[in-house]
Amino acid sequence: MRKQIVAGNWKMNNDLTETEVLIAELKRQNKTSNAEVMIAPVFTNLYHAYEALRKDNIEVVAQNMHYDNNGAYTGEVSANMLKCVGVNTVILGHSERRAYFNENDEALAKKVDAALDHDMRVIFCFGEELNDRKSDNHFNIVESQIKNALFHLEDKDWNSIVLAYEPVWAIGTGETATPEQAQEMHAFIRQTIEEKYGNNIAQSVSILYGGSVKPNNAKEIFTKPDVDGGLIGGASLKAEDFFAIVNAF
Ligand code: 13P
């Protein structure tokens, strides 16, 4: 049985006070759900969030990290630093990191390795831009993003990998992929994994969908057989909306 996961990517939102308020609200609304629930606050609030949610079934995860352990990388944070503050999962390869911070497949492959070396779980994001879809190149793009950053991994590493398909044209735009488009791509992703790693690994890896998931469309998307959850941006900033999505499972 694949894990179902709903993760809130807060991006660069919520200062310390806002984080406290939102976490208090999340704690009030939290109940047992079928999905694993995660939130990804900014670096500066990770430890506070971890402490505040220690006894709750909401995991605190990071939005990024560097691939080296330490050194002259001004402004960066490493895997062991995240682990020290209770973070065991990291989002890597988000399209905003790729677009605004020039993260490429090669750097992402190193980040994935560093996370796995530190026994961290990775939520690995990828997805095509609108032009790619319009020119019918979306499957090729997604395939190369996965292959270039992940196909050097060994079978055992896949226990620690969660995939997140986020078509760039659907992020923050209010335009979601249709449930059929999501299913079509998720099935393609699973088949791509199967061709290299076999059926067991392909069937056990969770593939999340991200891009304008809201309370009113979550259920339709999550009922698709190859969609195992969601990576939620805007709607994760309101506890009520976030839990409406979590409870769509
Ligand atoms: P939105 O849900 O705001 O479209 O963002 C999706 C996303 O980028 C999650 O990582």
Side-chain angles (χ1 to χ4, degrees), residues 3-14 18-19 22 26 35-43 45-46 49 58-65 82 87 89-103 108 111-112 115 121-130 132-133 138 141-142 145-146 149 161-179 181-182 185-186 189 206-222 224 227-249:
K3 282 192 189 108
Q4 297 173 323
I5 298 170
V6 177
N9 176 7
W10 290 6
K11 307 191 178 182
M12 198 175 73
N13 292 294
N14 292 332
E18 290 160 340
T19 297
L22 182 49
L26 290 173
E36 270 185 56
V37 181
M38 303 176 183
I39 57 163
V42 296
F43 283 137
N45 294 331
L46 285 172
I58 299 177
E59 186 183 347
V60 175
V61 313
Q63 299 176 17
N64 177 37
M65 59 168 234
L82 293 175
V87 172
T89 300
V90 62
I91 298 171
L92 293 177
H94 193 281
S95 63
E96 288 148 17
R97 300 288 323 163
R98 294 177 191 257
Y100 307 138
F101 303 97
N102 303 320
E103 292 200 3
L108 288 169
K111 289 185 179 207
V112 169
R121 184 157 58 154
V122 172
I123 300 177
F124 185 76
C125 306
F126 50 86
E128 82 282 1
E129 294 185 18
L130 188 58
D132 305 319
R133 187 160 275 265
H138 45 302
I141 293 286
V142 162
Q145 287 172 326
I146 294 173
I161 302 288
V162 172
L163 301 177
Y165 169 58
E166 298 202 301
V168 178
W169 48 271
I171 295 177
T173 58
E175 186 177 349
T176 359
T178 63
Q181 286 173 321
M185 183 57 90
H186 283 222
I189 294 162
S206 298
I207 310 176
L208 316 185
Y209 168 80
S212 297
V213 179
K214 307 287 177 203
N216 64 3
N217 60 21
K219 205 176 189 81
E220 276 189 298
I221 298 171
F222 292 169
K224 291 295 176 192
V227 178
D228 306 307
L231 188 52
I232 320 300
S236 71
L237 300 175
K238 269 177 113 184
E240 197 183 343
D241 288 354
F242 186 54
F243 276 112
I245 293 170
V246 169
N247 294 325
F249 268 114

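Each ligand, and each atom within it, is numbered from 1 in the order the structure gives.
In terms of heavy atoms, Pro167 sits closest to Tyr209 at CD-CE1, 3.6 Å. The two residues Val42 and Met12 have their closest heavy-atom pair at CG1-CA, 3.9 Å.
In summary, Glu59 and Arg121 engage in a salt bridge, as defined by a charged side-chain N under 4.0 Å from a carboxylate O.
For ligand 1 and Gly172, the ligand atoms under 4.0 Å from any heavy atom of the residue are 1 (P), 3 (O), 4 (O). Within ligand 1, counting atoms from 1 as listed, the ones closer than 4.0 Å to a heavy atom of Ser212 are 1 (P), 2 (O), 4 (O). Atom numbering of ligand 1 starts at 1 in the shown order; those under 4.0 Å from a heavy atom of Ala170 are 4 (O). Heavy-atom proximity to Gly234, at under 4.0 Å, picks out these atoms of ligand 1: 1 (P), 2 (O), 3 (O). Of all atoms in ligand 1, numbered sequentially from 1 with element shown, those under 4.0 Å from a heavy atom of Gly211 are 4 (O), 6 (C).
Between the side chain of Asn45 and the main chain of Asn14, a donor-acceptor pair closer than 3.5 Å is present.
Using a 3.5 Å distance cut-off with no hydrogens or angles, the side chains of Glu166 and His94 do pair a donor with an acceptor.
Under 4.0 angstrom from ligand 1, the non-hydrogen atoms of Asn9 all belong to its side chain.
Ligand 1 is never approached by Lys214 to a heavy-atom distance shorter than 4.0 Å. Ligand 1 lies out of reach of Ala7, whose nearest heavy atom is not under 4.0 Å from it.
Ring geometry, Tyr165 versus His186: the interplanar angle exceeds 60°, so the pair is classed perpendicular (tilted spans 30 to 60°).
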